[in-house]
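Note sheet for the following structure.
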Amino acid sequence: LMLCPLFRSTWSSWFRVGYKSYWSSGSSDLQRYSGYLKLSRHFRGLIALGLALKHSVSEILVLFVFLFVAVLFFATVGYYFDLTHPDSDLTSVIGAFWWAIVTITSVGYGDEVPKSIPGQISGACAP
């Protein structure tokens with residue numbers, strides 16, 4: 001019963017008569033996800049996960065604020081250090097933000113890297 005909204009968009013094109021569809025258009029993805037949440041009441045692991053997330057919302061928000069501040073700082077520093085370098089990969093502020101997010105949250109892709117020595121040092125100091 002919960003999977004009906006999932007396949008509704010595919011099946012609705014098969015059962016159209018003129019401009020009207022036999023499927024109601026009032027259903028949304030929110031209803032589908034609420035069905036999954038109702039189903040999660042019956043699993044202990046999901047209940048424990050929900051309680052853990054509920055009790056640590058403030059800590060998660062603090063983590064995202066610190067992550068945002070670090071990305072903002074290191075993207076700005078990396079971009080301005082590489083601004084005068086002729087062979088720089090960081091050609092825009094948005095590219096510098098992409099570089100900072102990838103560098104801070106993982107080991108980096110290597111698609112955009114700072115070329116100047118101070119820019120590389122700022123990348124090495126990024127958390």
Side-chain angles (χ1 to χ4, degrees):
L1 190 61
M2 283 181 2
L3 295 177
C4 282
L6 180 67
F7 298 111
R8 182 190 63 152
S9 62
T10 306
W11 292 341
S12 65
S13 63
W14 297 346
F15 298 109
R16 289 184 193 252
V17 176
Y19 291 107
K20 294 186 177 183
S21 174
Y22 287 111
W23 296 94
S24 67
S25 61
S27 176
S28 66
D29 290 336
L30 187 60
Q31 290 174 342
R32 180 177 357 144
Y33 295 132
S34 68
Y36 294 138
L37 292 175
K38 287 178 187 176
L39 184 64
S40 68
R41 287 186 284 189
H42 303 291
F43 296 104
R44 288 183 183 176
L46 290 176
I47 292 171
L49 178 65
L51 289 174
L53 288 174
K54 182 180 176 182
H55 291 295
S56 61
V57 168
S58 62
E59 289 85 2
I60 292 172
L61 288 176
V62 168
L63 173 73
F64 280 119
V65 166
F66 279 129
L67 181 67
F68 176 74
V69 169
V71 166
L72 184 68
F73 177 74
F74 285 105
T76 305
V77 168
Y79 176 72
Y80 281 112
F81 280 152
D82 260 18
L83 194 59
T84 58
H85 198 275
D87 195 28
S88 175
D89 288 338
L90 304 177
T91 57
S92 68
V93 176
I94 302 299
F97 271 96
W98 167 254
W99 166 75
I101 289 170
V102 168
T103 302
I104 289 174
T105 60
S106 67
V107 294
Y109 291 128
D111 55 348
E112 294 181 5
V113 293
K115 301 290 185 182
S116 65
I117 299 299
Q120 292 174 354
I121 291 172
S122 72
C125 294

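All values below were derived from every heavy atom in this structure, side-chain atoms included, with hydrogens, water molecules and symmetry-related copies excluded.
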Compare every heavy atom of [Y] with every heavy atom of [X], then report the nearest pair and how far apart it is.
X	Y	answer
S122	G78	OG-CA, 3.9 Å
F97	V71	CD2-CG1, 3.6 Å
H55	E59	O-OE1, 3.8 Å

Check the hydrophobic clustering (I, L, V, M, F, W, Y; side-chain heavy atoms under 4.5 Å; chains of links allowed) and say if [X] and [Y] are grouped together.
X	Y	answer
F74	V65	no
V102	I94	no
V77	F66	no
Y79	I104	yes
L67	I60	yes

**Message:** Taking the basic N atoms (NZ, or NE/NH1/NH2) and the acidic carboxylate oxygens, is any pair closer than 4.0 Å for K115 and D82?
**Reply:**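 Between D82 and K115 there is no salt bridge, as every charged N stays at least 4.0 Å from the carboxylate O atoms.
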
**Message:** So, taking the atom named OG in S58 and the one named CG in L63, what distance separates them when rounded to the nearest 0.5 Å?
**Reply:** 11.5 Å

Side chains of [X] and [Y], heavy atoms from C-beta outward: is any pair under 4.5 Å?
X	Y	answer
W99	L90	yes
I121	I117	yes
L53	L49	yes

**Any donor-acceptor N/O pair, T103 side chain to G123 backbone, under 3.5 Å** =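 Checked: no pair found.
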
